[in-house]
Amino acid sequence: MSDQQSVGSRITEFQLYIDGEWVDSVGGDTRRVRSPASGEQIATCPDGTREDAQRAIDAARAAQSGLEQMTAFERAALCDDLADVVEQHHEELTEWLAMDQGKPLPEAEDEVDLVVTTLRDAGEHAKRAETDVIPSRHPDKRIQTIRKPHGVYGVITPWNYPLGTAIEYLAHGLAIGNAVAWVPAPTTTAVCAKFVEVLDETDLPAGALNLVAGEGPIVGNELVVNDGTDAIAFTGSPETGELIAEDAGTKPTVLELGGNGPVIVLDDANLDLAVECVGNGCFTNAGQICTASERILVHEAVKDAFVERIAADAEEIQLGDPFDDDTDMGPLNNADVAAKMDRHVEDAVEKGATVVTGGNRAHDRPTDLYYQPTVLDDVTTEMVVNEEESFGPIAPVVTVSDREEALKLANSIDYGLSMGVFTDSINNMEYFIRRLESGMININDTSAYWEPHTPAGGYSGKKSGHGRYGGTFTIEEMSQVINVTIGPGERENV
Ligand code: NAD
């Protein structure tokens with residue numbers, strides 16, 4: 001890595017990380033990176049080419065068998081070393097995350113904490129990736145299963161949690177013996193390169209992890225279509241996920257895609273809790289969460305009280321510089337997501353929604369990426385904000401008259417990632433747990449609640465993807481089970 005200095009002090013020039021070396025893109029192209037918070041240039045990043053992706057895949061291929069031959073205990077020790085070095089650079093990584101992604105420092109701190117936890121847990125899970133001895137129909141045979149890595153992994157990740165989403169695949173992938181070529185999102189490449197620079201301080205074998213920055217349809221696509229990758233792990237939008245599913249052919253894929261998580265608030269709910277948790281699900285990380293509370297289906301008996309209270313809370317949220325102590329919410333990460341907020345709110349208002357609070361960009365900020373915490377009432381099913389994932393700080397409230405209507409609306413959309421219900425009735429809880437078409441269901445908590453050792457993923461038949469990540473579930477996704485039958489014979493030389 002060239003020209004490193006303390007965060008924000010001057011422009012940092014990042015490179016690609018291939019085979020344990022920092023190198024320029026073969027095309028020589030670079031891109032200026034501006035902080036969404038200040039608009040100032042903070043770095044330059046290379047724009048990689050297909051040839052760069054090929055170099056990364058070749059390096060991973062060369063390193064992979066060495067990783068596989070290490071014992072699970074050695075790879076777990078490597079994960080611990082990686083976690084240690086992240087802890088040593090915790091503050092620096094937190095600042096880069098706030099600067100490059102735009103989230104407030106406390107949220108960036110939590111994300112770096114998650115990286116450390118996931119690295120340590122991945123090593124532990126790999127040590128316990130036990131397999132079976134299966135009874136045979138024949139007295140002289142032994143049948144056992146062994147677990148092997150898939151081989152070379154193409155990992156492609158989004159910008160909302162640039163480290164948090166990636167570490168799930170990097171940590172568990174390495175822990176179980178895969179080598180990785182990683183394409184981060186273009187708008188958060190700088191913090192990802194900084195992260196790899198930190199990991200590079202360990203004895204990570206050259207080629208075990210390679211970073212290729214660049215445009216997704218170029219370097220990301222190359223990872224997917226190239227015969228040199230054995231499997232693909234992707235977190236991102238349903239649209240890109242569908243392209244990847246088509247291009248990956250028969251390669252194993254894990255696709256963790258978008259959500260439009262409805263949260264249902266029934267008339268028997270603890271309204272204080274519902275208001276607090278839904279607000280958290282709408283406005284944490286400026287709403288840029290796959291499991292955000294994207295549609296709030298509120299019973300008519302409590303709707304007015306709910307709207308009044310969530311709007312009052314939204315008005316208390318301090319929108320501002322991620323580095324200021326009193327900031328609760330920072331800017332959106334990029335121009336595309338900000339334009340989406342404009343489009344969703346405009347469409348909703350045209351079709352009869354009421355803007356209770358917010359509804360605009362904040363014009364007193366250094367960039368136009370700051371969007372006011374917004375509460376929309378009178379939202380209906382034909383509005384785009386109801387149909388599409390907003391991925392921003394909007395709480396759209398739809399009124400429902402009973403639990404049957406709430407269930408019908410909840411399941412009526414294409415997504416099925418995370419759904420929530422607020423109710424004090426066990427009967428209602430059971431009704432929804434049995435019927436909601438969602439990979440994750442949170443009762444009486446924010447829709448974004450997730451513990452990193454538990455399974456996360458989309459409901460079958462919907463557009464939120466397939467496969468599960470989270471602790472042992474990621475280990476299973478990123479490895480294959482081999483069936484070994486051992487018959488009688490001369491074994492002396494085995
Ligand atoms: P995106 O699909 O636009 O991009 C994701 C990644 O894919 C980026 O690195 C991008 O460069 C790359 N890419 C783009 N086109 C590609 C192509 N043709 N081939 C290969 N790679 C390509 O998504 P985004 O805007 O970065 O992220 C937001 C989305 O991610 C939201 O829908 C959100 O819900 C979803 N997400 C899901 C989860 C989950 O766990 N399910 C977690 C975080 C984010």
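The figures here come from the full heavy-atom set of this structure, side chains too, leaving out hydrogens, waters and symmetry mates. Both ligands and their constituent atoms are indexed starting at 1 by order of listing.
Between Phe234 and Trp182, the ring center distance fails the sub-6.0 Å criterion.
For ligand 1 and Pro217, the ligand atoms under 4.0 Å from any heavy atom of the residue are 15 (N), 16 (C), 17 (C), 18 (N). Of all the atoms in ligand 1, the ones that sit under 4.0 Å from a non-hydrogen atom of Pro184 are 9 (O). Heavy-atom proximity to Gly220, at under 4.0 Å, picks out these atoms of ligand 1: 20 (C), 21 (N). Which parts of ligand 1 touch Asn221 is read off a 4.0 Å heavy-atom cut-off, strictly below it: atoms 19 (N), 20 (C). Those atoms of ligand 1 with a heavy atom of Thr165 less than 4.0 angstrom away are 42 (C), 43 (C).
Taking 4.0 Å as the cut-off between side-chain N and carboxylate O, Arg31 and Asp47 count as a salt-bridged pair. In summary, Asp347 and Arg343 do not engage in a salt bridge, as defined by a charged side-chain N under 4.0 Å from a carboxylate O. In summary, Arg34 and Glu40 do not engage in a salt bridge, as defined by a charged side-chain N under 4.0 Å from a carboxylate O. With respect to Glu389 and Arg295, no salt bridge is recorded, no charged nitrogen being found less than 4.0 Å from a carboxylate O. Salt-bridge annotation for Arg61 and Asp227: absent, with no side-chain N of the basic residue lying under 4.0 Å from a carboxylate O of the acidic one. Salt bridge annotation for Lys194-Glu197: present, with a cationic side-chain nitrogen under 4.0 angstrom from a carboxylate oxygen.
Looking at residues two or more places apart in sequence or on another chain, you find a salt bridge (Lys or Arg N to Asp or Glu O under 4.0 Å) between Glu222 and Arg50. With sequence neighbours excluded, no residue forms a ring pair (Phe, Tyr, Trp, His ring centres under 6.0 Å) with Phe283.
Heavy atoms of Phe391 approach ligand 1 to within less than 4.0 angstrom. Residue contacts with ligand 1 do not include Ala456, since none of its heavy atoms lies under 4.0 Å from the ligand.
The shortest contact between atom 36 (N) of ligand 1 and any protein heavy atom is with Cys290 CB, 3.6 Å. Closest to atom 27 (O) of ligand 1 among all protein heavy atoms lies Pro158 CB, 3.2 Å. Summary of contacts: the protein heavy atom closest to atom 5 (C) of ligand 1 is Phe234 CE1, 3.8 Å. Counting only heavy atoms of the protein, atom 12 (C) of ligand 1 lies nearest to Ile156 CG2, 3.6 Å.
In this structure, Arg365 forms a cation-pi arrangement with Tyr370, its terminal cationic atom sitting closer than 6.0 Å to the ring centre and no more than 45° off the ring axis.
Among Thr240, Val254, Leu255, Ile289, the residue whose heavy atom lies closest to atom 3 (O) of ligand 1 is Thr240. Of the candidates Thr187, Thr157, Val224, Val183, the one placing a heavy atom closest to atom 9 (O) of ligand 1 is Thr157. The residue among Gly259, Gly258, Gly216 with a heavy atom at the shortest distance from atom 17 (C) of ligand 1 is Gly216. Of the listed options Gly236, Ser237, Ala185, Ser237 places a heavy atom closest to atom 2 (O) of ligand 1.
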Criterion salt bridge (charged side-chain N to carboxylate O under 4.0 Å, His left out) on Glu124 and Arg128, from CA distance to verdict: CA-CA 7 Å; Glu124 291 304 312; Arg128 287 169 185 75; 2.9 Å; yes
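Heavy atoms of Glu389 found under 4.0 angstrom from ligand 1 belong exclusively to the side chain. When non-hydrogen atoms are compared, ligand 1 lies under 4.0 Å from the side chain of Leu417 (C-beta onward) but not from its backbone.
Between Thr327 and Asp321, the side chains place no donor N or O within less than 3.5 Å of an acceptor N or O (distance only, hydrogens not considered).
When only interatomic distances are considered, the shortest N/O to N/O separation between Tyr469 and ligand 1 falls below 3.5 Å. Looking at Glu215 next to ligand 1, no N or O pair under 3.5 Å apart turns up. Some N or O of Leu257 is nearer than 3.5 Å to an N or O of ligand 1, by distance alone. On a distance-only criterion, Asn160 and ligand 1 share no N/O pair closer than 3.5 Å. Considering both main-chain and side-chain atoms, Trp159 comes within under 3.5 Å of ligand 1 through a nitrogen or oxygen pair.
Two residues are said to be in side-chain contact when any heavy atoms from C-beta on lie closer than 4.5 Å; Asn334 and Leu369 fail this criterion.
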